[in-house]
Amino acid sequence: MVFGGVPDERIQFNEDTLWKGHPHDYVRAGSHEHLAEIQKLLFAGETKQAEDITRKTFLSDPVRQKSYQPFGDLHFHFTGLTNVTDYRRELNLNTAIATVTYRSGDVTCRREAFASYPDQVIVLHFSASKPGQINFSLTMDSPHTDSETTIITNNTLVLTGQVETNGLRFESRVRIVNTGGEITTNGDAITVKNADDATIILCAATSFKNFQDISADPDQKCAEVMAYVANKNYDALLAAHLTDYQALFGRVKLNLRRTAHADLPTDERMKDVKQSGLDNDPALAALYFEYGRYLLISSSRSGGQPANLQGLWNAELAPPWESKWTLNINCEMNYWPAELCNLSECTEPLFAMIDDLAISGGRTAKEQYDCRGWVVDHNTDLWRGTAPINNIDGVWPTGGAWLSYHLWEHYLFTGDKEFLARAYPDMKGASLFFMDYLIKDPKTGWLVTSPSFSPEQGGQCYGPTMDNQLIRALMDNTIAAADILQTDKKFASELKKIRDQLPPNQVGKYGQLQEWLEDVDTPNNNHRHMSPLWALYPGADISPADPKIWDAAKLLLKWRGPGSTGWSYAWRIPLWARTGDGEYSYQQLTGLFARRTLPNMFDLCGPFQIDGNFGATAGIAEMLLQSQWTKKQDDSDVRIISLLPALPKEWPTGSVKGLCARDGFVVDMTWDKSKLTHAVIHSKLGKPCALQYGGHEVTLKSEAGKDYVFSGDLGTQ
């Protein structure tokens, strides 16, 4: 985080493996011995007694998971400044460089900052329009009490410490390379005088190896990184960063109509949208979309941890909700833009975490639930906790089912069978758990989860609609994967029998999609969570092919009304887009901007929570392109690709390039006067599809590697 002050600048930095705690299994010993009693009480309607036993016997040990931690701060004090004017700070999304410029007398000063994935360092560069004008001192510290900073050479500071006893050790190093002038040390500070420019290189590391091993040497890690970049000047560091970042960011570009507002600073644009809505500044939605893609690239790269509740931008020792991975919506929402917005590589940290959870969740399945396979409940942390935490709402055993949906989606978008072979054991393990855990409801005969919870309301229950949707999707996808990989025919056959005994989506007395097995929904329930609508988005099981359920889902969506938290606004955007209602999607986006977005465009939930950024980014893309459904054609399933399915009237003119559709398609589009004028469909895999727009449909029998160009009525040019 670049705070951008004059004459004092603060750079707050993090490393994504710095957490409280240490390797630990959260399973509560003997908890499975109480499971049958809890289930019996729930089936008998004795919910309070079941909840009391759950709290005493069936929650994790300890009952709360650990929190993500801030690492440290660089403090710069600039001297010799006079009559500072023309101050400007910016973040360039095309380069991922944060810049501060100002004039001191007749000298223009410039400070640049970026985080380099290829070199694994944060780089700062200070320069001026005249030589000899760079003067500053640098100190480094950490909010952790067990930490200290020392000087190891005349241009290098080292920060070392430990989060807690028996916990993670950490180290960071910062080195200054100056051109001209002199550099001196005094205590724990480095001072640069009269330099022409200065490059500051920062690295950081912890003793984390994996969730079961914290024996790594952070000193060695930092030494290796600094040795790797020792002979790289600023231009070389910058070039490596740009090559890496722009290869991802440059794939997609959204343009919406620019007005005079687009030339204002972002904080002023955000202030105006709170007063007047988005109508005067449609390009702000495009900026927000691009910002979401920047945030995902910047917080989720291969070899690192997945983006957590704050991405990785946490400055608090006690962050809200521990800045963990909340699995009943928030963690998954972080990855909604990845495939559709052409950032498929950014999902790798999520998939690596799923591999870990299959290990820790295997222990929880066996010892907590007495089941095969693996399970993860409401939350997880760096130590891959999988047992139910906090309270009865933490007993929600379908986190693994939702996470497994991302594995299948990655295959649908990429067609990568090698990846599917890697992912299949995790999908199978998640399915095995439910084969054992599901229990027959004595009233209906359906197989249900018990105990469970409908996020994030009500009391302890069995068989809530969201569970049934998630498990059905998991089993469907596992069966399909087994068929594609030509494996586990017997297992797939057994899984089909289990799947067919799951409760179906039900329509209640008001014509609404029910949230629970019992018809207890009320029309005035405008809860933030959209749990029973999972199968509409991000799932795909609810479609116009079943008009009764389709209409019931739309009624429940209407009941829920506008959002409240940032992420609840964000979820409503793609939900309404799936129904084809671009105007209500747009209203939810406007509400998110007006009520739950900070001046720097961070999502607001508590002080800050990044899922709203990612959910709304995916929602904007969903308004422009959808590919979740298929249709039968010539005895096979053909992918339906809908162009501009929920375009609001407030975006009459625009273009987008690089959005992805399932089955390996990349789509560019231009529209004018709210009508599609031009579309290019690139086929990566050579699969057929049914293109749909404005009541027109064209069947495309594509060849891999070819582009197909269409006019507005889907006529081939």
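For the numbers below, each heavy atom of this structure counts, side chains included, while hydrogens, waters and symmetry mates do not.
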Got [X] and [Y] here, is their nearest side-chain heavy-atom distance under 4.5 Å?
{"X": "Y537", "Y": "W571", "answer": "yes"}
{"X": "L287", "Y": "L256", "answer": "no"}
{"X": "E622", "Y": "Q626", "answer": "yes"}
{"X": "F491", "Y": "L495", "answer": "yes"}
{"X": "L714", "Y": "L643", "answer": "yes"}
{"X": "L403", "Y": "L350", "answer": "yes"}

**Request:** Take F665 and L685 through the test side chain to side chain contact (heavy atoms under 4.5 Å, CB included) and record every step on the way to the result.
**Result:** CA-CA 8 Å; F665 294 96; L685 304 177; over 6 Å; no
Under-4.0 Å salt bridge between [X] and [Y]:
{"X": "K631", "Y": "D637", "answer": "no"}
{"X": "R301", "Y": "D244", "answer": "yes"}
{"X": "R662", "Y": "E409", "answer": "yes"}
{"X": "K497", "Y": "E494", "answer": "no"}

**Prompt:** Does NZ in K657 sit with more than 12 non-hydrogen atoms of other residues, nucleotides or ligands closer than 6.0 Å?
**Reply:**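 Result for NZ/K657: enclosed.
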**Request:** Report, as yes or no, whether the 6.0 Å neighbourhood of atom CG on D263 holds more than 12 heavy atoms from other residues, nucleotides or ligands.
**Result:**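 Check passes, neighbour count above 12.
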Donor-acceptor contact below 3.5 Å, side chain [X] vs main chain [Y]:
{"X": "Y708", "Y": "E703", "result": "yes"}
{"X": "S299", "Y": "A307", "result": "no"}
{"X": "H406", "Y": "T347", "result": "no"}
{"X": "H261", "Y": "N280", "result": "yes"}
{"X": "S702", "Y": "K687", "result": "yes"}
{"X": "Y569", "Y": "G563", "result": "yes"}
{"X": "D416", "Y": "E418", "result": "yes"}
{"X": "Q486", "Y": "D483", "result": "yes"}
{"X": "W671", "Y": "W651", "result": "yes"}
{"X": "W408", "Y": "A423", "result": "no"}

**Whether Y405 and W534 hold their rings parallel, tilted or perpendicular, with breakpoints at 30° and 60°** =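 Rings of Y405 and W534: perpendicular, as their planes differ by over 60°.
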**Request:** Please state whether the rings of W313 and F602 are parallel, tilted or perpendicular, taking 30° and 60° as the class boundaries.
**Result:**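 Rings of W313 and F602: tilted, as their planes differ by 30° to 60°.
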**Asked** Step by step, would you call D663 with V638 a side chain to side chain contact (heavy atoms under 4.5 Å, CB included)?
**Response** CA-CA 9 Å; D663 284 351; V638 174; over 6 Å; no
**Prompt:** Between R293 and F249, is NZ or CZ placed under 6.0 angstrom from the six-membered ring centre and within 45° of the ring axis?
**Reply:**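 Cation-pi check for R293 and F249: passes.
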**Prompt:** Centre of W567's six-membered ring, under 6.0 Å away, within 45 degrees of the axis: is that where NZ or CZ of R596 sits?
**Reply:**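 No.
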**Asked** How long is the span from the CD1 atom in I359 to the CZ atom in R384, to the nearest 0.5 Å?
**Response**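 It comes to 10.0 Å.
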**Prompt:** Between CE of M601 and OH of Y294, what distance do you get to the nearest 0.5 Å?
**Reply:**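 Between M601 CE and Y294 OH, I get 10.5 Å after rounding to 0.5 Å.
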**Item:** Minimal non-hydrogen separation, P337 against T617, with atom names
**Value:**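 That closest heavy-atom pairing would be CB-CG2, 4.0 Å.
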**Request:** Might you point out which heavy atoms bring R257 and P282 nearest each other, and give the distance in Å?
**Result:**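 So the two residues come closest at O-CG, 3.0 Å.
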**Asked** What's the verdict on side chain to side chain donor-acceptor pair (under 3.5 Å) for D488 and Y424, showing C-alpha distance, side-chain angles and the deciding distance?
**Response** CA-CA 11 Å; D488 276 342; Y424 179 73; 2.8 Å; yes
**Stepwise side chain to side chain donor-acceptor pair (under 3.5 Å) check, D713 with S711** = CA-CA 6 Å; D713 60 356; S711 62; 2.9 Å; yes
**Request:** Indicate, with yes or no, if the rings of Y245 and F114 have centres closer together than 6.0 Å.
**Result:**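 Y245 vs F114: aromatic centres not under 6.0 Å.
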**Prompt:** So Y291 and L91, side chain to side chain contact (heavy atoms under 4.5 Å, CB included) or not? Walk me through it.
**Reply:** CA-CA 10 Å; Y291 184 57; L91 171 64; 4.0 Å; yes
**Item:** side chain to side chain contact (heavy atoms under 4.5 Å, CB included) assessment of H682 paired with D668
**Value:** CA-CA 8 Å; H682 175 77; D668 302 344; over 6 Å; no
**Item:** Pair D672, T677: side-chain N/O donor-acceptor within cut-off below 3.5 Å
**Value:**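 Short answer, no.
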